[in-house]
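None of these values were measured; they are calculated from a predicted model. Below, read A as the first sequence line, B as the second, and so on, with proteins coming before strands; counting in each chain starts at 1.
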There are 2 protein chains.
Amino acid sequence: MATQMRGTPPREQTPSTATTDGRGSDQWEALLELATSRPKRAPDRKQDRSKRTEQQILNAALRVFARDGISRSRIADIAAEAGISTSTLYEYYKSKEDLAYDLPTSHLVSFFQEYRLAAAGKTSAREKLSLYLSMSADFAREHADWGRLFYLEIWPSVLVSETELRHSVNDFARIALFLIDEGVRQGEFPEGRNTYETASILLGAVNQVIITWLLYRRPRNLTKASAEITERVLTMIANERTIS
Amino acid sequence: MATQMRGTPPREQTPSTATTDGRGSDQWEALLELATSRPKRAPDRKQDRSKRTEQQILNAALRVFARDGISRSRIADIAAEAGISTSTLYEYYKSKEDLAYDLPTSHLVSFFQEYRLAAAGKTSAREKLSLYLSMSADFAREHADWGRLFYLEIWPSVLVSETELRHSVNDFARIALFLIDEGVRQGEFPEGRNTYETASILLGAVNQVIITWLLYRRPRNLTKASAEITERVLTMIANERTIS
DNA sequence: AAAAAATCCGATAAAACGTCGAAAAAAATT
DNA sequence: AATTTTTTTCGACGTTTTATCGGATTTTTT
């Protein structure tokens, strides 16, 4: 349980609610562009050898973290798993924490890229939203090691707000919020509701399902379950009585 | 890993709650009794002095964990904050992990007790559910240090399922699920829906709001916001089209 | 192929964790 | 109320894990 959508960033809100047609999709593109181009905090390595080493570290760390949890994992184990010495690892990451919080970034960017591609065909806000939430669950299922690390250890942590990763985490919520606002503008969802609240309901429900699955492998079929709950909630939201 | 039941085993008293069907409220009372009597894993100290020391450790740990996060907190800091030596702390808890995961138990039991009292007057499932969710948000607000620790570090953690705390965590979800089922039985909510799913939607939404508040202090008024979102979701659920 | 730059690692320091036996405090016994 | 026994506390010390640094090794540049 325990949902985290530490999204809904208090201040920054890129998309303003302009009721223009062309403007809206400009903003949408800008938002996706931002999310898919977050810099991977790369220490500018010169040699190919380094890129390979870095990848080995990342792969090893993901395996070890997913197996033992961050707190129980030891730097030495990760280095051994990567086939390098402990001190070499410190050439790349200045601490275990640093490594743990940098690790999920690339996966998250990949998710946004995959989504961007898949959403290209969709026109209605509801369709885009439905796809977004289903894909996020599916992504966690397909990359379960990453999912465990991200949803159960990184995202919920108080420390995430101190790292670069927070930008991607904020993007995640911002995209959902944007689509809800768009849905309201286009008459797919009733007006008059607090859209932050609507976003909390949607993201909360889906995250809840994902986390339960990561912890207990239940429901058995995450893809089906998340699609189902997404549709159910979207329908509830679409059918809510308008408040003026 | 056996459940260590110490102290007086919770014995059932015949519930005097005489509502519509006696069977259902028997189960309800049993559920609450269970949740409010989870044993606090206390190493049975003989002297009063020890109880004071234990309390000092718990208070100190809560402050330090909430301030630094579990991973950055050091045993020595907690001991210093509690005014005892490091080795004395080890007399009480065998590791930092042990301490961190034992810490939230007593608060959680208090919450269930408070809820049990407050819910005594309520009759409809919806009222009980509404109260339950609102109170859980309010409890986190009133005990913000505990809330940060529990919602942001403990609950979502992979490790929680290996600790005694998991029982209380499971109770939390079980109570919500029970009330939803009861609501369906009593005709307050439409039939035919997956009630696990319904529980995920409700708990997910409320947790989402709580976590956002713990991290950003937004929305400003958590009590109002959580009551609002609770009512909104409950109304959505109550108004859903029946599926047969 | 020599010089320069980038990368890697063994040795070792620093920090945090955890243990143990003995001292101090409280309780029980006489 | 002195003495014995039990409980609690703590300083000293051993272990594990984290982190640093200077030089050796490999790669790139000239």
Side-chain angles (χ1 to χ4, degrees), chain A residues 40-103 153-154 157 159 162-163, chain B residues 6-7 40-61 63-103 153 157 159 162-163:
Chain A
K40 358 192 125 183
R41 176 216 86 107
D44 280 330
R45 293 276 160 178
K46 304 296 165 65
Q47 303 182 0
D48 284 353
R49 176 172 59 152
S50 293
K51 301 215 167 62
R52 237 178 303 123
T53 303
E54 173 133 31
Q55 204 49 53
Q56 282 165 356
I57 293 174
L58 256 24
N59 292 341
L62 187 54
R63 278 197 299 277
V64 174
F65 282 150
R67 190 188 65 213
D68 301 338
I70 295 174
S71 65
R72 290 178 180 172
S73 298
R74 285 168 311 189
I75 295 275
D77 288 347
I78 296 170
E81 181 93 8
I84 60 173
S85 76
T86 300
S87 41
T88 298
L89 196 152
Y90 277 98
E91 288 287 328
Y92 289 79
Y93 296 92
K94 73 178 204 295
S95 70
K96 190 169 76 170
E97 197 176 290
D98 204 47
L99 173 54
Y101 283 81
D102 184 56
L103 187 47
E153 303 223 51
I154 304 284
S157 153
L159 272 46
E162 297 171 19
T163 66
Chain B
R6 60 179 69 254
K40 353 193 125 181
R41 175 218 85 106
D44 277 332
R45 295 273 157 178
K46 304 294 163 69
Q47 303 182 4
D48 284 353
R49 178 171 59 149
S50 294
K51 300 210 166 65
R52 236 177 305 124
T53 303
E54 173 131 33
Q55 204 49 53
Q56 282 165 355
I57 294 174
L58 257 24
N59 292 341
R63 278 197 299 278
V64 174
F65 283 149
R67 190 187 64 212
D68 300 339
I70 295 176
S71 65
R72 287 179 181 172
S73 299
R74 284 167 313 189
I75 296 274
D77 287 347
I78 296 169
E81 180 93 9
I84 60 173
S85 76
T86 301
S87 41
T88 298
L89 197 152
Y90 277 99
E91 287 288 325
Y92 289 79
Y93 295 92
K94 72 178 204 296
S95 70
K96 189 168 76 171
E97 209 174 85
D98 204 47
L99 173 56
Y101 285 81
D102 185 54
L103 186 48
E153 303 223 51
S157 153
L159 271 46
E162 296 171 20
T163 66

For residues 56-71 of chain A, tabulate all N or O donor-acceptor pairs below 3.5 Å that involve a side-chain atom, not counting sequence neighbours.
| from | atom 1 | to | atom 2 | distance (Å) |
| --- | --- | --- | --- | --- |
| A:N59 | ND2 | A:Q55 | O | 3.4 |
| A:R63 | NE | A:E81 | OE2 | 2.7 |
| A:R63 | NH2 | A:E81 | OE2 | 3.3 |

Among the nucleotides C:dC9, D:dT9, C:dC17, whichever has the atom closest to the side chain of B:R74 is C:dC17
pair A:I75-A:Y93: side-chain heavy atoms closer than 4.5 Å: no
Working to the nearest 0.5 angstrom, can you tell me the gap between B:D98 CG and B:Y92 OH? 14.5 Å
Length of the CG-P vector between A:L99 and D:dT17, whole Å: 17 Å
Which is more 5' along DNA chain C, the nucleotide nearest B:S73 or the one nearest B:R49? Just name the residue. B:S73
Please state how far atom CG in A:D77 lies from atom C1' in D:dT18, giving the value in whole angstrom units. 13 Å
I'd like to check the salt bridge (charged side-chain N to carboxylate O under 4.0 Å, His left out) partners of A:R74; sequence neighbours left out, ordered by chain and number. A:D77
Starting from the 5' end of DNA chain C, give me the residue, B:D48 or B:A76, whose nearest nucleotide shows up first. B:A76
Nearest-Å distance, NZ (B:K51) to P (D:dT7)? 13 Å
B:E54 CD to D:dT8 P: how many Å, rounded? 11 Å
Ignoring backbone atoms, test whether B:K94 places a side-chain nitrogen or oxygen under 4.0 Å from the OP1 or OP2 oxygen of C:dG18. no
Does a side-chain N or O from A:S87 land closer than 4.0 Å to OP1 or OP2 of D:dT20, or not? no
Let's test your reading of the model: under 3.5 Å, does the base of C:dG18 pair with the side chain of B:S95 as donor and acceptor? no
Rounded to whole angstrom units, what separation is found between the CD atom of A:E91 and the P atom of D:dT26? 16 Å
Listed nucleotide nearest any side-chain atom of A:Q47, set C:dC8, D:dT27, C:dA26: D:dT27
Using a 4.0 Å heavy-atom cut-off across all strands, classify B:S50 as base, sugar-phosphate, or nothing. sugar-phosphate
Can you tell me whether the side chain of B:S85 and the base of D:dG11 have a donor-acceptor pair closer than 3.5 Å? no
Spacing between B:K46 atom NZ and D:dT9 atom P, to the nearest angstrom: 14 Å
Could you give the CD1-to-C1' distance, from B:I84 to C:dA24, as a whole number of Å? 16 Å
Closest heavy-atom contact between B:T88 and B:I84? CG2-CD1, 4.0 Å
How would you label the contact of B:T86 with the nucleic acid (heavy atoms, under 4.0 Å): base, sugar-phosphate, or nothing? nothing
In Watson-Crick or G-U wobble terms, with both distances under 3.5 Å, the base opposite D:dT30 is C:dA1
What is the separation between atom OH on B:Y90 and atom P on C:dC17, rounded to the nearest whole Å? 6 Å
